[in-house]
Amino acid sequence: MALHTLQQNAITRRMFHALNAERTDYLAGLMGPVNPSNQRVESYAGTGAVDPMTETGGEQPTRDSRKVEYDLANKFFQTGTRITYAERLFETWAPIDQKIAGLNNRYQSHWAKLATQLFGKGRTARGYDKHPFFSTTHKEGKSRTQSNLLSQAPTTAGQPTPEEMRSGIYRCIEGMMSLVDDVDEPANEMVEEFLVFYPTKYTQAVDHGIGAEFLGGGDSNVIARNRTFLPVPMPRFGGVAELQDAIVVVANDGMALIRQQVEGPVIRVKGQDSDYEFDNNGDWAYSVNAVRNAGYGSWQKAFLFEFK
């Protein structure tokens with residue numbers, strides 16, 4: 001086997017192992033597991049797909065379940081890099097590994113990018129109940145009109161204090177725990193852990209608002225005493241106008257958003273003896289591809305709080 005073939009296989013194998021390494025992060029709590037998909041559009045059931053537990057006396061219940069669905073179409077995504085002839089000629093793994101790490105970062109952070117886009121469009125993009133995902137007018141079946149959208153202007157524009165941050169998080173938790181489903185059953189009574197997504201400029205306010213033992217004026221801070229919070233800084237929020245002055249509080253049960261994938265990561269190479277190699281002085285092109293998408297799950301699992 002030619003040396004170049006061995007190099008190409010070695011680079012591909014190194015890339016494959018990096019892309020498929022086991023990861024532990026907040027995405028499972030936000031989006032749940034990656035749902036396998038085998039068609040262009042998948043349909044997901046909304047509230048009402050599962051009946052509440054009721055006393056029946058042994059007979060089969062006959063409730064008429066409403067058909068409420070959310071359709072999510074798969075899309076094609078790709079990232080890539082170039083491995084130069086010089087890097088291969090001198091067998092210098094360091095720059096090649098750096099590019100592999102960059103590819104891996106782009107691929108792994110893609111779900112977070114899709115989640116940010118969904119949050120950013122959440123005031124106008126509709127979920128399975130045909131209302132905007134973040135709305136003050138959610139209503140299903142027997143439920144009252146409900147909201148998962150809150151706001152309050154901070155004392156200093158764009159810079160909430162730790163006390164104001166804690167108050168905002170409290171209001172999200174109180175609101176979330178009060179929500180009901182289409183048959184007036186509590187939607188979140190089993191939730192004990194929460195994710196708090198925020199723009200990086202709020203880092204100090206969030207860390208102190210959740211973690212400080214005492215706040216201004218000696219106020220004892222008990223917000224995290226009986227529940228668990230995972231603060232998640234979101235650098236992408238800073239580039240989204242709708243999220244620059246907001247936090248998103250999510251139940252950590254993987255139901256707020258949906259993610260699905262047909263295939264990925266798929267590595268494609270324009271390498272040895274290719275037209276690309278001939279036209280680019282011996283360089284090789286590597287791409288990482290995926291067919292996937294993310295969409296809205298249960299709106300009862302996420303609150304948008306705007307500091308304005």
Side-chain angles (χ1 to χ4, degrees), residues 18-36 44 72 77 79 101-122 125 127 133-134 148 165-166 168-170 172-173 175-177 187-188 190-211 223-224 226-240 242-261 264-265 290 292-307:
L19 292 166
N20 287 279
E22 192 73 26
R23 290 176 58 85
T24 302
D25 54 32
Y26 64 85
L27 290 170
L30 171 63
M31 313 175 86
V34 179
N35 297 310
Y44 294 89
L72 183 59
F77 298 96
T79 183
L103 274 178
N104 186 46
N105 181 67
R106 295 293 191 195
Y107 180 78
Q108 301 295 351
S109 64
H110 186 233
W111 290 122
K113 182 177 182 179
L114 294 177
T116 301
Q117 292 171 351
L118 289 168
F119 285 154
K121 298 175 182 176
F133 186 71
F134 295 121
N148 64 340
M165 181 62 66
R166 179 185 62 174
I169 296 172
Y170 258 137
C172 290
I173 302 305
M176 191 179 298
M177 300 306 293
N188 292 304
M190 302 301 292
V191 176
E192 297 179 345
E193 298 183 359
F194 303 89
L195 301 163
V196 181
F197 298 92
Y198 59 92
T200 55
K201 68 178 182 179
Y202 286 172
T203 299
Q204 184 173 357
V206 171
D207 285 352
H208 282 78
I210 293 176
I223 187 170
N226 298 315
R227 58 194 64 84
T228 301
F229 293 94
L230 176 61
V232 183
M234 297 291 279
R236 298 179 188 275
F237 275 25
V240 181
E242 295 83 356
L243 301 173
Q244 290 175 352
D245 295 297
I247 61 172
V248 179
V249 179
V250 175
N252 189 21
D253 58 7
M255 297 177 65
L257 300 180
I258 300 166
R259 54 178 172 170
Q260 66 188 34
Q261 183 164 279
R292 54 166 53 160
N293 206 358
Y296 296 115
S298 176
W299 62 266
Q300 294 99 331
K301 302 294 182 177
F303 263 71
L304 175 68
F305 192 98
E306 299 174 314
F307 288 96

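Because only heavy atoms are used, hydrogens play no part in the values below, and waters and symmetry mates are left out as well, while side chains stay in. Nothing here was measured: the structure is a model prediction, and the numbers come from that model.
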Report summary line: Value for OG (Ser298) from CG (Asn148), rounded to nearest 0.5 Å, stands at 9.0 Å

Report summary line: Closest non-hydrogen atoms of Ala294 and Met31, given as atom of the first, atom of the second and distance, are CB-CE, 3.4 Å

Query raised in the report: At their closest point, which heavy atom of Gly29 faces which heavy atom of Asn252, and how far apart are they?
Result: CA-OD1, 2.9 Å

Report task. Apply side chain to side chain contact (heavy atoms under 4.5 Å, CB included) to Leu72 and Tyr44, showing your working. Result -> CA-CA 8 Å; Leu72 183 59; Tyr44 294 89; 4.2 Å; yes

Requested in this report: Identify the two heavy atoms, one from Gly120 and one from Val240, that lie closest to each other, and give their separation to 0.1 Å.
Outcome: CA-CG1, 3.9 Å

Query raised in the report: Counting only heavy atoms not in Gln204, do more than 12 fall under 6.0 Å of its CD?
Result: no

**Report entry** Geometric class of the Phe134/Phe119 ring pair [parallel <30°, tilted 30-60°, perpendicular >60°]
**Finding:** tilted

Query raised in the report: Going by the salt bridge (Lys or Arg N to Asp or Glu O under 4.0 Å) test, which pairs reach into residues 107-118, not counting sequence neighbours?
Result: none

Query raised in the report: Given side chains that start at C-beta, do those of Val248 and Leu195 come closer than 4.5 Å, heavy atoms only?
Result: no

Report summary line: Rounding to 0.5 Å, atoms CD1 (Ile210) and CD1 (Ile169) come to a distance of 4.0 Å

Query raised in the report: Heavy atoms, side chains only, cut-off 4.5 Å: are Arg259 and Leu27 in contact?
Result: yes

Query - Validation row: Asn20, Pro265 side chains within 4.5 angstrom (heavy atoms) - result: yes

Requested in this report: State, to 0.1 Å, how close Phe237 and Ala246 come at their nearest heavy-atom pair, and which atoms those are.
Outcome: CD2-O, 4.2 Å

Report task. Can you establish whether the number of heavy atoms outside Arg236 located under 6.0 Å from its atom CZ is more than 12? Result -> yes

Query raised in the report: Sub-3.5 Å donor-acceptor pair from the side chain of Asn188 to the main-chain atoms of Gln300, do we have one?
Result: yes

Report summary line: dist Leu114:CG -> Arg292:CZ (nearest 0.5 Å) comes out at 7.0 Å

**Report entry** Phe307 and Ile247, any side-chain heavy atoms less than 4.5 Å apart
**Finding:** yes

Query - Residue pair Phe197 / Leu30, side-chain heavy-atom distance below 4.5 Å - result: yes

Requested in this report: Could you tell me which non-hydrogen atom of Tyr107 sits nearest to which non-hydrogen atom of Ala290, and how far apart they are?
Outcome: CE1-CB, 4.0 Å

Query raised in the report: Quick one: CG on Leu243 to CD on Glu306, what's the gap to the nearest 0.5 Å?
Result: 9.0 Å

Report summary line: Sequence neighbours excluded, the answer for ring-ring contact (aromatic ring centres under 6.0 Å, His included) partners of Phe194 is Phe229

**Report entry** Atom pair CD1 (Ile258) and OH (Tyr296), whose distance is rounded to the nearest 0.5 Å
**Finding:** 11.5 Å

Query raised in the report: With distance as the sole test, does Gln260 use its side chain to make a donor-acceptor pair with the main-chain N or O of Pro36 at under 3.5 Å?
Result: no

Query raised in the report: Are any of the side-chain heavy atoms of Tyr202 and Asp245 separated by less than 4.5 Å?
Result: yes

**Report entry** Test side-chain hydrogen bond (donor to acceptor under 3.5 Å, both in side chains) applied to Glu242 - qualifying residues, sequence neighbours left out
**Finding:** none

Report task. Grab the two heavy atoms, one from Gly175 and one from Phe303, that are nearest each other, plus how far apart they are. Result -> C-CZ, 3.5 Å

Query raised in the report: Are Leu230 and Glu193 side-chain neighbours, meaning at least one heavy-atom pair lies under 4.5 Å?
Result: no

Query raised in the report: Is any side-chain heavy atom of Gln261 closer than 4.5 Å to a side-chain heavy atom of Trp111?
Result: yes

